[in-house]
**Student:** 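Have a look at the structure that comes next, please.
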Amino acid sequence: MLNCSRHSNIKKIKEYFLSLLFFCVTCFSLFVTVGIVFLLFKESLPFFRAVPLNDFLFGKKWSPLFANGHYGVLPLLSATLVVASVSLVVAIPIGTLLAIYLSEFASHRFRELFKPFLELLGGIPTVVYGYFALTFVTPALQKVFTSLPSLSLLSAGFVMGIMVIPYITSLSEDAMRVVPFGWREASYALGATSFQTACRVVYPAAFSGIFSSYVLAASRVLGETMIVSIAAGLEAKMVFNPMQSGQTMTAYIVQIVGGDVPYDGFAFRAIFAVGLSLFAMTLIFNLLGQWIKRSFRYVN
């Protein structure tokens, strides 16, 4: 009886320390997030004291390195959205079709062999993707689009789309495999084909999880740095055509941090304002994604 009581007390102590450890890890993650946001706000304040918020948000010129600089973030924002749009146009259809095939049509053996190779794409360093875009994808695209410059948003966006395909495929396939098999059997019993079942039953039922993969991929491409720094260009200008070059928000941050700009200079302060804008844009996008995800939740 004494031994049982002692074992019970030891078990309770272990569970207490484990729960305390999990709580500390959670608090640490929260602390890091709050710390990053606080740093961005703190370092951005000197910039916004000198530059009106209206000029920063709606200005159409970005030239912080000149004596009479302009600080409108729209050129950086336009290039960021264009390259992100190109990458999602590439990644979402391919990633979704691959997920449908792996979940509904591929054999178990093929799926187990193929998925590690697919997920290997996510482990390749982004600097390798950048030079792949510059030395292979751009020359290949120039054979089709002869007016394409050596640095372009199209090339960078295309390679970024390839990079995030594993995110969409893996998460979407996991979401579709959660759909109860009985739903598929009911669809087959009503005379539907495998393709009709996949597109009209499984995909809508798993859309909540699939959309989460789209949001994750979009957040990933918005924050990508090396590919756009190498292959997209370093000229900040208003751009809406992916066949032109342009500087994204992250590429500007890399240019300033890796250059000879003094850390106490005003151009260096601008990177925190750009980083804060990128954080706010990503946050809004993720909140919108969470709302849409809840709206289309079919399978718990």
**Student:** Please enumerate all residues that pass side chain to side chain donor-acceptor pair (under 3.5 Å) together with Ser85, with sequence neighbours excluded.
**Tutor:** none
**Student:** Donor-acceptor pairs are to be reported for all side-chain atoms of residues 146-160 against protein atoms at under 3.5 Å, with residues two or more places apart or in another chain.
**Tutor:**
{"unit_1": "Ser152", "atom_1": "OG", "unit_2": "Ser155", "atom_2": "N", "d": "3.2"}
{"unit_1": "Ser155", "atom_1": "OG", "unit_2": "Ala133", "atom_2": "O", "d": "3.2"}
{"unit_1": "Ser155", "atom_1": "OG", "unit_2": "Thr138", "atom_2": "OG1", "d": "2.7"}

**Student:** Name all pairs fulfilling the salt bridge (charged side-chain N to carboxylate O under 4.0 Å, His left out) condition that reach into residues 184-212, sequence neighbours left out, sorted by first residue then second.
**Tutor:** Glu104-Arg184
**Student:** Report the residues that fulfil side chain to side chain donor-acceptor pair (under 3.5 Å) with Ser229, sequence neighbours left out, ordered by chain and then residue number.
**Tutor:** none
**Student:** Considering residues at least two apart in sequence or located in another chain, which fulfil the side chain to side chain donor-acceptor pair (under 3.5 Å) criterion with Tyr252?
**Tutor:**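 For Tyr252 there are no side chain to side chain donor-acceptor pair (under 3.5 Å) partners, ignoring immediate neighbours.
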**Student:** Tyr167: what forms a ring-ring contact (aromatic ring centres under 6.0 Å, His included) with it, not counting sequence neighbours?
**Tutor:**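 None.
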**Student:** Can you pull out every side-chain hydrogen bond (donor to acceptor under 3.5 Å, both in side chains) where at least one residue sits in residues 25-54? Sequence neighbours excluded, please.
**Tutor:** Glu43-Arg269
**Student:** With Ser277, which residues qualify under side chain to side chain donor-acceptor pair (under 3.5 Å), at least two apart?
**Tutor:** none
**Student:** Show me the donor-acceptor pairs, under 3.5 Å and distance only, between side chains in residues 75-83 and residues at least two apart or in other chains.
**Tutor:**
{"unit_1": "Ser78", "atom_1": "OG", "unit_2": "Leu74", "atom_2": "O", "d": "3.3"}
{"unit_1": "Ser78", "atom_1": "OG", "unit_2": "Pro75", "atom_2": "O", "d": "2.8"}
{"unit_1": "Ser78", "atom_1": "OG", "unit_2": "Val239", "atom_2": "N", "d": "3.3"}
{"unit_1": "Thr80", "atom_1": "OG1", "unit_2": "Leu76", "atom_2": "O", "d": "2.8"}
{"unit_1": "Thr80", "atom_1": "OG1", "unit_2": "Met249", "atom_2": "N", "d": "3.0"}

**Student:** Determine which pairs satisfy ring-ring contact (aromatic ring centres under 6.0 Å, His included) with at least one residue from residues 83-107, sequence neighbours left out, and list them in order.
**Tutor:** Tyr101-Phe110
**Student:** Any side-chain hydrogen bond (donor to acceptor under 3.5 Å, both in side chains) involving residues 209-219? Give me the pairs, sequence neighbours left out, ordered by first then second residue.
**Tutor:** Thr96-Tyr214, Ser172-Ser213, Tyr203-Tyr214, Ser212-Lys293, Ser219-Asn286
**Student:** Under the ring-ring contact (aromatic ring centres under 6.0 Å, His included) test, which residues partner Phe48, sequence neighbours left out?
**Tutor:** Phe56
